[in-house]
Amino acid sequence: MQLGNLHPLFVHLPIGILLLAFLMELFYAKKPAPKDNGTILFTLGIGAASAVFSIISGWFLGDNGGYDEVLLDRHRWIAVAFAVGAIGLYFLKKSSKKQPQKAYMPIFVVVLLLLTLTGHYGGSLTHGEDFLFAKKYEEPVIENVDEARVFTEIVQPILNKKCVSCHNSGKAKGGLLLTSQGELLLGGDSGALLDSLPKEGTSLLMHRIHLPEMEEEHMPPKGKVQLTSEEVLLLEWWMANNNCFDCLVKDLPHEGKLESVLASLEKDTSSQAQIAEKVDGIPADFMASLAANKLSAQLLSEEMPLLSVNFMQRKDVSPEDFELLKKHKENIVELNLAYTNFDDELAKQLKSFKNLIKLQLQNTQITNEGAKQLKGFKFLETLNLFGTDLDDASLARISDLPNLKKLFVWQTQMSADGLTSFKQGNQTVEIQGQIADSVFAASSLGPPTIIAEQEIFRDSVQVSIEQYFEGAKIFYVLEDVKKDTVPREYHQPFYIKETSKLRAYATLDQWEPSEESTADFLKNRVQVSSVSLAKNPHPKYTAKGGKTLADFKRGTTNFVDGNWLGYEAEHMTATVEFEEQTTISNIAVGCLSQPTNWIFRPVGYTVWGSADGQNFSKIKTIKLPDVPPSNDIERFVYNIDFEPTSLKKVRLFVESPLKNPDWHISPGGPSFIFVDELVFN
C-alpha cells in the first residue's frame with residue numbers, strides 16, 4: 001500500500017477536529033471557571049497530529065504526478081502553515097502564561113482561515129480550479145434526440161459525469177484532460193485516446209473502458225462510479241462512426257437497442273411532465289369523495305397522476321368545494337368552472353392551484369376584480385373567458401401569464417384595439433377573439449366550434465362544443481365503433497373514450513342549419529418504442545423527425561407549425577417498432593391537403609409487418625383514385641384496415657403523387673405530401 005493513498009483518509013480529520021475545538025471554546029467562553037477539564041487541549045492535540053499525518057500522506061500523493069504544479073505548491077505550503085499553526089495552538093493552550101493565552105484565539109482564527117484555503121486548493125486539485133465558484137453543471141436538455149449533437153449533448157456529458165473528476169485542469173491523471181474536444185484529441189501520456197491500437201483493434205479509450213475492473217488501467221478506476229452499459233454502448237456507437245464531433249444523431253445510423261437508448265435521453269419538457277415529476281399519486285378515496293360532492297374528476301393519463309376537475313355547470317359552487325380539492329391541489333392541472341356561479345369572491349380560491357394548465361371560466365360572473373387572481377400561474381396554457389364581463393383592464397393581468405398559449409374571449413367586453421395591443425406584446429398566444437357584428441347579422445348560421453386539448457389520446461379526452469349565436473342549439477353525432485348516427489343535443493362537455501369522428505351543427509328558429517364542424521379523435525392503444533424514416537423530409541418541414549409520427553400531436557392547417565413532416569416529390573417510408581409484440585388491425589394516418597401550397601393527398605399506402613422485428617411481409621396495398629379538382633384545405637385521417645396481425649414492427653409506405661395535377665396553377669411541378677401522426681389499433 002502506498003502512503004499517499006492514505007491522504008483521503010487523513011485529510012478530513014483535522015477539519016472536523018479543529019472546528020469542534022473552536023466551537024467548544026465558544027461554548028465555554030460563557031461558562032464560569034474552570035473553562036473546561038482538558039477536553040479542548042486533548043482535542044487540539046489530536047487535531048495537530050492528524051494535520052501532520054495529512055501533510056505527510058499528501059506530500060507523497062502529490063509526487064505521483066498528474067496535478068497542476070502551481071495549485072499543488074499552493075496547497076502544500078498553505079497546508080504546512082496550517083499544520084504548524086495547529087501544533088502552535090496546542091502549545092498556546094497548554095501554556096499558563098498570560099501572553100500566549102492572549103494570542104490564542106486570534107491565532108485560532110488564522111489557523112481556521114489557513115484550513116479553509118488548504119481545503120479550497122485541495123478541492124481545486126481534485127475537481128478543477130474553479131470548482132467552488134463555478135456554475136453547477138447542467139446536462140443538456142434533449143427534447144428531440146434526432147437533432148441532438150452527438151458529442152456535445154451525448155458524449156461529453158458522459159465524460160463529465162464519469163471521467164472529468166480525474167482529468168481536469170487541476171488534476172490531469174496520466175497527463176490527460178477531458179473537459180473539451182481539443183483536450184480529448186490531444187490525448188495524454190499514453191498517447192492519442194481516439195486512435196486505434198494495433199493489437200487490440202480498438203481505441204485506447206474503449207480499450208481502457210473494457211478492461212476488467214480489477215485491472216489498474218481500467219477506467220474509471222475501481223471505487224469510482226462506473227459507466228453503465230447504456231453509456232458504454234453510446235461511446236462505442238460514437239467511436240464506430242469515426243468519433244464525429246459535428247454530427248447530429250439523425251446523421252448516424254442507429255437501430256435496435258441503440259435507438260431505444262437514444263430515445264431515453266429525450267426529456268419531456270411539457271408543463272404536464274414537469275408537474276408530474278414533483279407530485280405524488282392520488283388515492284382512490286379522494287376520487288370517490290369528489291364524486292360524492294358532485295365534482296367530476298379524471299386522470300389525464302395512466303402515466304401521470306394529474307387531475308382534470310369539472311364542476312359540471314353547478315350553480316351552488318362554494319368555498320367548501322375548493323377546500324376539498326386542496327387536499328391534492330398540486331395534482332390538479334385543469335379546472336372547468338364554466339356555466340357555474342363562479343364569481344370574484346370564489347376567484348380568491350384559485351390562488352392555491354398554482355399548477356393549473358387549463359382554466360375554463362366561460363359564462364361565469366367573474367369581473368376585472370376577480371381577474372386579479374390570475375397571477376402566478378406559471379404553467380397556465382389555456383384560459384377560456386367566453387361570455388364574461390372582463391374588459392381591456394384584465395388584459396394586463398393575462399399578459400403576466402408566461403406560458404399562455406390559447407385565450408378564448410368571445411362575447412367579452414374586450415375591444416378590438418385592446419386585443420390588438422395585447423397580441424403585439426404576446427405573439428405566441430393564439431386568441432380566439434371577438435366575432436364581428438357582421439357575422440352575427442349573417443344570413444346563415446355559422447358552424448359550432450369543437451374544443452379539445454388533444455385529438456389523440458390513451459384513455460379519454462374531454463370535448464366541448466361552443467356556438468356563439470344566441471339562442472342556437474347544438475347537435476352532434478359521435479361516429480364510433482357502434483356506428484351511432486342519431487344526433488344528440490349538446491348540453492355540457494363530455495368525454496370521448498374510443499376512436500370517433502365527431503360531427504356537430506347548430507340550429508336556430510327561422511334559420512337554415514349550419515354547416516357541420518368535424519373532428520377526428522383517435523385512441524392509441526399501442527405503445528410505440530421508436531420510429532425511423534427511410535429518407536429525411538424536406539429541410540423546411542422536418543418537425544421532430546420520426547418521433548413526429550408518434551408524439552400524440554396533430555398538426556394544424558398551418559403547415560409551418562412544426563408538427564408536420566413534409567416530402568417534396570418523394571414518397572415517405574416509416575418503420576415503427578412497438579414496445580412489445582402487439583396485435584394490430586388498423587393504422588390511422590394523419591395527412592394534410594392544401595393545393596394552393598402544392599400539398600396534396602397521398603395516392604396510396606402499403607403496409608408491411610414483422611413479427612420478429614427482422615423479416616417483413618406485405619400486409620396490404622391501397623391505391624386511391626384521382627381527387628376532383630379543389631383548392632379546399634383539408635386536415636384528414638386515412639384509416640387502413642386489415643386482418644388482426646401480431647406484430648413487433650410495421651413499415652408504412654405513403655405514396656406521393658410526386659407532381660402537381662394538370663388542373664393546378666403550376667401543372668407538373670413538384671408536389672408535397674404532409675404527414676403528422678400514425679395511430680395503431
### Query
Between Ser460 and Gln298, do the side chains contain an N or O donor and an N or O acceptor separated by less than 3.5 Å?
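Looking only at side-chain atoms, Gln298 and Ser460 do form a donor-acceptor pair, the distance falling under 3.5 Å.
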
#### Entry: Pair Ser271-Glu381, side-chain donor/acceptor within less than 3.5 Å
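A donor-acceptor contact under 3.5 Å links the two side chains.
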
Listed by chain and number, what are the ring pair (Phe, Tyr, Trp, His ring centres under 6.0 Å) partners of [X], not counting sequence neighbours?
| X | result |
| --- | --- |
| Phe653 | His571 |
| Phe353 | none |
| His328 | Phe286 |
| Phe672 | His538, Tyr541, Phe674 |

With a 4.0 Å cut-off on N to O distance, would you call [X] and [Y] a salt bridge?
| X | Y | result |
| --- | --- | --- |
| Lys250 | Glu147 | yes |
| Glu277 | Lys267 | yes |
| Glu677 | Arg554 | no |

What is the distance from atom [atom1] of [X] to atom [atom2] of [Y], rounded to the nearest 0.5 Å?
| X | Y | atom1 | atom2 | result |
| --- | --- | --- | --- | --- |
| Leu194 | Asn242 | CG | CG | 11.0 Å |
| Ile357 | Thr382 | CD1 | OG1 | 9.0 Å |
| Phe245 | Gln181 | CZ | CD | 4.5 Å |
| Asp551 | Ile456 | CG | CD1 | 7.5 Å |
| Asn160 | Leu178 | CG | CG | 9.0 Å |
| Thr499 | Glu455 | OG1 | CD | 12.5 Å |

Side chain proximity check, [X] to [Y], heavy atoms < 4.5 angstrom:
| X | Y | answer |
| --- | --- | --- |
| Val333 | Phe379 | no |
| Arg651 | Thr573 | yes |
| Glu330 | Ile275 | no |
| Thr542 | Asn536 | no |
| Ser264 | Glu230 | no |
| Glu153 | Val249 | no |
| Leu356 | Ile332 | yes |
| Pro220 | Leu227 | yes |

### Message
Quick check with a 6.0 Å cut-off and a 45 degree axis cone: is Lys354 positioned over the face of Phe377's six-membered ring?
### Response
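Output yes; distance and angle both within limits.
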
### Task
Just do the side-chain contact (heavy atoms from CB on, under 4.5 Å) check on Lys544 and Glu266 with the steps written out, would you?
CA-CA 12 Å; Lys544 294 182 180 178; Glu266 284 192 343; over 6 Å; no

Is a side-chain N or O of [X] found less than 3.5 angstrom from the main chain of [Y], in a donor-acceptor match?
| X | Y | result |
| --- | --- | --- |
| Tyr638 | Tyr605 | no |
| Glu577 | Ser530 | no |
| His207 | Thr202 | no |
| Lys648 | Glu579 | yes |
| Glu215 | Pro212 | no |
| Glu570 | Tyr567 | no |
| Lys162 | Gln226 | yes |
| Asn524 | Val679 | no |
| Asn681 | Lys523 | yes |

Closest non-hydrogen atom pair between [X] and [Y], with its separation:
| X | Y | answer |
| --- | --- | --- |
| Thr583 | Pro644 | CG2-CB, 3.8 Å |
| Met239 | Leu205 | SD-CD2, 4.4 Å |
| Val429 | Leu404 | CG2-O, 3.3 Å |
| Ile158 | Ile154 | CG1-O, 3.3 Å |
| Asn563 | Gly555 | CB-CA, 3.7 Å |
| Leu592 | Thr556 | CD1-O, 4.5 Å |

#### Entry: For Lys257, salt bridge (Lys or Arg N to Asp or Glu O under 4.0 Å) partners two or more places apart
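Residues passing salt bridge (Lys or Arg N to Asp or Glu O under 4.0 Å) with Lys257: none at all.
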
### Query
Can you check side-chain contact (heavy atoms from CB on, under 4.5 Å) on Leu549 and Val576, steps first, answer last?
CA-CA 9 Å; Leu549 302 178; Val576 181; 6.0 Å; no

### Query
Taking Leu652 as the fixed residue, which of Thr575, Val531, Ile640, Ile619 is the one that meets the side-chain contact (heavy atoms from CB on, under 4.5 Å) rule?
Ile640

### Query
Are Val232 and His210 close enough, and set up right, to give a side-chain contact (heavy atoms from CB on, under 4.5 Å), and what steps lead you there?
CA-CA 9 Å; Val232 173; His210 284 299; 3.7 Å; yes

### Where at least one partner belongs to residues 263-282, residue pairs that pass ring-ring contact (aromatic ring centres under 6.0 Å, His included), sequence neighbours excluded
none

### Query
In this structure, are over 12 heavy atoms from other groups packed under 6.0 Å from Gln581 atom CD?
yes

### Query
Is there a side-chain hydrogen bond (donor to acceptor under 3.5 Å, both in side chains) between Asp612 and Ser610 once you walk through the steps?
CA-CA 6 Å; Asp612 59 6; Ser610 171; 3.0 Å; yes

### Task
Check step by step if side-chain contact (heavy atoms from CB on, under 4.5 Å) holds for Phe151 and Asn243.
CA-CA 8 Å; Phe151 177 73; Asn243 43 268; over 6 Å; no

### Task
Can you label the angle between the Trp237 ring and the His254 ring as parallel, tilted or perpendicular, going by 30° and 60°?
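Rings of Trp237 and His254: perpendicular, over 60°.
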
